[in-house]
**Student:** 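Mind looking over this structure? Questions follow.
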Amino acid sequence: MRVHVADHPLITHKLTVLRNKETPSPVFRALTEELVTLLAYEATRNVRVEPVEIETPVTTTTGVTLSKPRPLVVPILRAGLGMLEGMVRLMPTAEVGFLGMVRNEETLEPTTYAERLPEDLSDRQCFVLDPMLATGGSLGTAIEFLFKRGAVDVTAICILAAPEGIAALEKATEGRDVTIVLGALDERLNENGYIVPGLGDAGDRLYGTV
């Protein structure tokens, strides 16, 4: 498993505003989209392409286009939805699937309650969107779900992660082709499984507590 922490002043600046508990939901949503576009730039560095010949106003030249089958972007509901627009803005021809997962607040174990994905992901590159890599349970389950359907490599984009989540995910994905792209690697998890210093519950900050 490869872990890449995107070290860029703009990412750190946007993260600082997201962490602030006084930042209202509309600003939080807008900044999340902007931040994810920056992270997606790093995450798609190895996206597969193939040559294509085009005509410019001056001459004929060879460029590249995304290879088929197209990459699949998979936000983990509900908080991952807040990251989707920022991702497809950079890669608009990608296909989109969905995984609905919820964490039991007592056991911290994830449960899948909904999925909308192709039955066959053979030879597909997949990009999973999950704002917080805390215990690693939800993301690990989602990644395994994709590999079982035939995905060949999976890249997860997370705004924040805790060392405990990274360690758990590395163990859960041993032998798999997995890359994790982070906005920041924080200090630790607290006794409730929240990232410290973190930014709170990303879903609640994006959409409210209902």
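Below, each value reflects all heavy atoms present in this structure, side chains not excepted, and no hydrogens, waters or symmetry copies.
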**Student:** Find out if a path of hydrophobic residues (ILVMFWY) with successive side-chain heavy-atom gaps under 4.5 Å connects L185 to V3.
**Tutor:** yes
**Student:** Is a side-chain N or O of D186 found less than 3.5 angstrom from the main chain of A162, in a donor-acceptor match?
**Tutor:** no
**Student:** Using every non-hydrogen atom in the two residues, find where L182 and A161 come nearest and quote the distance to one decimal.
**Tutor:** CD2-CB, 3.6 Å
**Student:** Between R188 and E164, does any NZ, NE, NH1 or NH2 come within less than 4.0 Å of an OD or OE carboxylate oxygen?
**Tutor:** no
**Student:** Ion pair present between R45 and E42, side-chain N to carboxylate O less than 4.0 angstrom?
**Tutor:** yes
**Student:** For T65 and T93: C-alpha separation, side-chain torsions, deciding distance, then whether side chain to side chain contact (heavy atoms under 4.5 Å, CB included) applies.
**Tutor:** CA-CA 10 Å; T65 186; T93 59; over 6 Å; no
**Student:** Is any side-chain heavy atom of E34 closer than 4.5 Å to one of T37?
**Tutor:** no
**Student:** If you count the non-hydrogen atoms of other residues, nucleotides and ligands that lie under 6.0 Å from CG in D177, is the total more than 12?
**Tutor:** yes
**Student:** Can E115 and F145 be said to form a side chain to side chain contact (heavy atoms under 4.5 Å, CB included), step by step?
**Tutor:** CA-CA 10 Å; E115 66 94 357; F145 194 104; 4.0 Å; yes
**Student:** Which value, rounded to the nearest 0.5 Å, describes the distance between F28 atom CZ and K21 atom NZ?
**Tutor:** 15.0 Å
**Student:** What distance do E53 atom CD and T62 atom OG1 have between them, rounded to the nearest 0.5 Å?
**Tutor:** 5.0 Å
**Student:** May I ask you to decide whether K68 forms a salt bridge with E50, counting only side-chain N to carboxylate O separations under 4.0 Å?
**Tutor:** no
**Student:** Grab the two heavy atoms, one from R19 and one from L160, that are nearest each other, plus how far apart they are.
**Tutor:** NH2-CD2, 3.4 Å
**Student:** Determine yes or no for a side-chain-to-main-chain donor-acceptor pair under 3.5 angstrom, with N192 supplying the side chain and Y194 the backbone.
**Tutor:** no
**Student:** Please answer: with hydrophobic residues joined when any side-chain heavy atoms are less than 4.5 Å apart, are V181 and V152 in the same cluster?
**Tutor:** no
**Student:** Nearest heavy-atom pair of N20 and R205: which atoms, and what distance?
**Tutor:** O-NH2, 2.7 Å
**Student:** Taking all non-hydrogen atoms of both residues into account, name the closest pair between C126 and L146 and its distance.
**Tutor:** CB-CD1, 3.9 Å
**Student:** Using only atom types and a distance under 3.5 Å, with no angle test, would you say the side chain of T155 pairs donor to acceptor with the backbone of F127?
**Tutor:** no
**Student:** Quick one: does any side-chain atom of Y207 pair with a main-chain N or O of G82 as donor and acceptor, under 3.5 Å?
**Tutor:** yes
**Student:** Using the rule given for side chain to side chain contact (heavy atoms under 4.5 Å, CB included), can you reason through I180 versus L133, listing the C-alpha separation, both sets of side-chain angles and the distance that settles it, and then say yes or no?
**Tutor:** CA-CA 10 Å; I180 311 296; L133 173 49; 4.2 Å; yes
**Student:** With hydrophobic residues grouped by side-chain heavy-atom distances under 4.5 Å, do L10 and L39 end up in a single group?
**Tutor:** yes
**Student:** Would you call E85-R29 a salt bridge at under 4.0 Å N-O?
**Tutor:** no
**Student:** Tell me whether D153 is salt-bridged to R176, with the criterion being a basic N under 4.0 Å from an acidic carboxylate O.
**Tutor:** no
**Student:** Do V128 and I157 have side chains that get closer than 4.5 Å, going by heavy atoms?
**Tutor:** no
**Student:** Are L18 and V27 connected into the same hydrophobic cluster when the rule is that any two of I, L, V, M, F, W, Y join if their side-chain heavy atoms are below 4.5 Å apart?
**Tutor:** yes
**Student:** So do the side chains of P75 and V96 get within less than 4.5 Å of each other, counting heavy atoms only?
**Tutor:** yes
**Student:** When rounded to the nearest 0.5 angstrom, what distance separates SG in C158 from CD1 in I76?
**Tutor:** 8.0 Å
**Student:** Are L129 and M87 side-chain neighbours, meaning at least one heavy-atom pair lies under 4.5 Å?
**Tutor:** yes
**Student:** With rounding to the nearest 0.5 angstrom, report the NE2 to CG distance, H8 to L35.
**Tutor:** 11.5 Å
**Student:** Report whether V154 and L90 are members of the same hydrophobic cluster (ILVMFWY, side-chain heavy atoms less than 4.5 Å apart, transitive linking).
**Tutor:** no
**Student:** Is the closest side-chain heavy-atom distance between L99 and Y113 below 4.5 Å?
**Tutor:** no
**Student:** Which heavy-atom pair separates A134 from G193 by the least distance, and what is that distance?
**Tutor:** CB-O, 3.6 Å
**Student:** Determine the minimum heavy-atom distance between P131 and M83, stating which atoms define it.
**Tutor:** N-SD, 3.4 Å
**Student:** Heavy atoms, side chains only, cut-off 4.5 Å: are R48 and L66 in contact?
**Tutor:** no
**Student:** Taking R149 for the side chain and E144 for the main chain, is one N or O donor matched with an acceptor at less than 3.5 Å?
**Tutor:** no
**Student:** Determine whether F147 and L121 make a side-chain contact, defined as any pair of heavy atoms from C-beta on separated by less than 4.5 Å.
**Tutor:** no
**Student:** Hey, could you give me the OG1/CD distance between T59 and E55, rounded to the nearest 0.5 Å?
**Tutor:** 7.0 Å
**Student:** List the steps and the verdict of side chain to side chain contact (heavy atoms under 4.5 Å, CB included) for M132 and D201.
**Tutor:** CA-CA 8 Å; M132 314 296 283; D201 186 297; over 6 Å; no
**Student:** Are the side chains of R124 and P71 in contact, using a 4.5 Å heavy-atom criterion?
**Tutor:** no
**Student:** Counting only heavy atoms not in R116, do more than 12 fall under 6.0 Å of its CZ?
**Tutor:** no
**Student:** Please round to the nearest 0.5 Å and tell me the distance separating atom CG of L206 and atom CD of E33.
**Tutor:** 9.5 Å
